[in-house]
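Taking it in order: structure first as structure tokens, then the write-up.
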Protein chains: 2
Amino acid sequence: MTVLILTSEQDVTADMAVVELNANGIPVLRLDPAELPGGVGLSGEFAHGAFHGHLSVGGRVVSMGGLRSIWVRRPGVPAAHAEAASPWLTEEASHSLYGMLRCTEARWMNHPDSARQARHKPWQLWLARACGLPVPATLITTFPRAAREFAERYPDLIVKPVSGKHPDDAGLAVPTTRVRPGEDYRDVANGPTLLQRRVRRAADIRLTCVGDQLFAARAASSRDAEDARHGDEAAVDDVRFDPAAGPWRPIPVPRRVADAVRAYLTRAQLAYGAFDFAEDADGVWWFLECNQSGQFGFIEIETGQPIGRAVAQWLAGAPFGPISAAGGDDERALGAECG
Amino acid sequence: MTVLILTSEQDVTADMAVVELNANGIPVLRLDPAELPGGVGLSGEFAHGAFHGHLSVGGRVVSMGGLRSIWVRRPGVPAAHAEAASPWLTEEASHSLYGMLRCTEARWMNHPDSARQARHKPWQLWLARACGLPVPATLITTFPRAAREFAERYPDLIVKPVSGKHPDDAGLAVPTTRVRPGEDYRDVANGPTLLQRRVRRAADIRLTCVGDQLFAARAASSRDAEDARHGDEAAVDDVRFDPAAGPWRPIPVPRRVADAVRAYLTRAQLAYGAFDFAEDADGVWWFLECNQSGQFGFIEIETGQPIGRAVAQWLAGAPFGPISAAGGDDERALGAECG
């Protein structure tokens, strides 16, 4: 039984899991949908009540019935590298590939439908709250008056994109920014705008969840930098763009948070999720977002947490030899709850 | 409690249901996401553990908590008509609108995730067969050799798009076409190609399903036209492009087919689906496809089947006054099974 990894050629994070799968003798097929048709081929026959599908990459042919799991890492746009690339060919290639993969019994990390749902930030906020996570007061609006009233109730606000495109999407990375005092919010009418009460953070928390295994890391905020910024008219308030943030250090996950994020992943039908929290002065973790395809490489490198190994184990569907560190016991850790 | 209809301004099919909703005193809000921001506004606040959302169209404001159902008919691309239209604004508007609607308890016809899954033709074929519907042997492939071998086993083939874009999508409507004898299939390597054993049809069947209510219509094939075409090198084999096809006439649904399509809709989590079958000389209905957003206006006009009324009843979530015709008893008809 093979693990299928859909990702682009340059993907160091995928490599971290592939190394573990190779070391444990689990067959891996790695392909980029952008290479279909071309370097990647497929064939599927529906006849006599059965479906038989095959994938081919560089001459290697694998039966779709023999896939144990599918990791949707960073796949390219189907047919993007084809000679006759076009929106039409992309549709045809996409429906062929994902349509057939949907007919298999493989487990998904993450299923495309769950992934799509999970990207909607309003739904994230709603679900996080429903699962018991504290969420800072948030407004999404096209009404300047609603924005002004919200700003009266919560004078210290940040603004950030609703669609939360990943910073890898060139040109669409918009950092979270503090709102200037006295903002008149007229421009809100030109596009839905997300305003959120700013949490004065003691630290940023990244909680990476792989099936039932949780890996929390903490980066202390740079107080000095924060105070300096406080007087600015507008300033970036985003750890991704903060060179002064402390290093990531592993920390334990509070029991209540662990229960809540597991409930979140179960309801969202996600096998993988990277949660971002802001820790305030009282130690409360405020939910900011859950990125269903969030990077984990930088966390693993800084903290030594074996996240790539956990991903590999989930994809393998069975525990590997002796586990080095990591939380959760092995049997339960392999996605029984969140798979 | 209001029914929300997401569709473009010109939509005669939507009008057919709106008339019924109006006649029964059910409030309707109709909006085109293309008008957000602009003619359409929204506002949603997440605070103190609750979500409060509102939609505004032409000055009328409706609470999202007061939506009883959402009909995703033919919505425009979010922000497409905005002054500063851009892919980025489309993402922001789309995530804002659909993200908030996902937080409501409204019933969907159809939910965007179910709709997306349902568009994948390979998955349709697989599910139809799993639910007990006869499916003609089908191959989807990028391998010329696989295509040639398939053609040896099934010499009379048609070719059609995998992604089955709706004919409304200008420029992407590709009719189902018979494959020329002696085709060498080299071009299959340039894009996944769907080949299917051609069913020699006595008639086309359109089976429109609204919740648990089924409406079948039959259009007899023009035998003469078919025989004339048989000698052609390549010919369109698609009722949508056949001016000689007979008129649509209502017919009863065989019990086995009714059970199978209800199972299909339940597993696909669809409240609405338009199935296309080819009826062969023995009266067998061969599954061709299920369009989760298929038109019903032309069928209703030709057959008199009250499909718009059934849609309106499903959206209302309660039976209207005396039913004129239609199958199924009223209580069960309102989506208990497939909602």
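Lettering follows sequence order; numbering is per chain, from 1.
The CZ atom of B/R256 lies 13.0 Å from the CH2 atom of B/W285; values are rounded to the nearest 0.5 Å. The distance from atom OG1 of A/T90 to atom NE2 of A/H95, rounded to the nearest 0.5 Å, is 10.5 Å. Between B/L36 atom CG and B/L42 atom CG the span is 5.0 Å, to the nearest 0.5 Å.
For B/A82, no part sits under 4.5 Å from any heavy atom of chain A, backbone or side chain. The contact between B/F150 and chain A is made entirely by side chain atoms (from C-beta outward), counting heavy-atom distances below 4.5 Å. Residue B/L89 touches chain A through its side chain alone, counting heavy-atom pairs closer than 4.5 Å. Proximity to chain A (any heavy atom under 4.5 Å) is restricted, for B/P136, to the backbone atoms N, CA, C and O. Within the 4.5 angstrom heavy-atom criterion, no atom of B/R197 approaches chain A.
Between chain B and the options A/R129, A/E83, A/H48, the largest number of non-hydrogen pairs under 4.5 Å is found for A/R129. Options B/Q196, B/H54, B/R116 differ in how many heavy-atom pairs under 4.5 Å they form with chain A, and the most are formed by B/R116. Among the candidates A/A79, A/C103, A/S94, A/A93, the residue making the largest number of heavy-atom pairs closer than 4.5 Å to chain B is A/C103. Between chain A and the residues B/L139, B/I140, B/L195, the largest count of heavy-atom pairs under 4.5 Å involves B/I140.
Close approach to chain A, defined as a heavy atom under 4.5 Å from one of its heavy atoms, is seen in B/A189, B/N190, B/G191, B/P192 of residues 185-192 of chain B, taken by number.
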Exercise. Give the C-alpha distance, both sets of side-chain angles, the deciding distance and a yes or no for side chain to side chain donor-acceptor pair (under 3.5 Å) between A/H52 and A/E45.
Key: CA-CA 5 Å; A/H52 297 288; A/E45 184 171 328; over 6 Å; no
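Taking the six-membered ring where the residue is Trp, the centroids of B/H120 and B/W123 are separated by 6.0 Å or more.
When each of B/Q117, B/Q269, B/R102 is paired with B/H111, the side chain to side chain contact (heavy atoms under 4.5 Å, CB included) condition holds for B/R102 and for no other.
Residues A/Y98 and A/P78 are in side-chain contact: their nearest non-hydrogen atoms beyond the backbone lie under 4.5 Å apart.
Remark: the backbone N or O of B/A115 is not paired with any side-chain donor or acceptor of B/N110 at under 3.5 angstrom. With A/R74 contributing its side chain and A/S293 its backbone, the two residues share a donor-acceptor pair below 3.5 Å.
Contact detail for A/P161 and A/K121: the closest heavy-atom pair is O-NZ, 3.3 Å.
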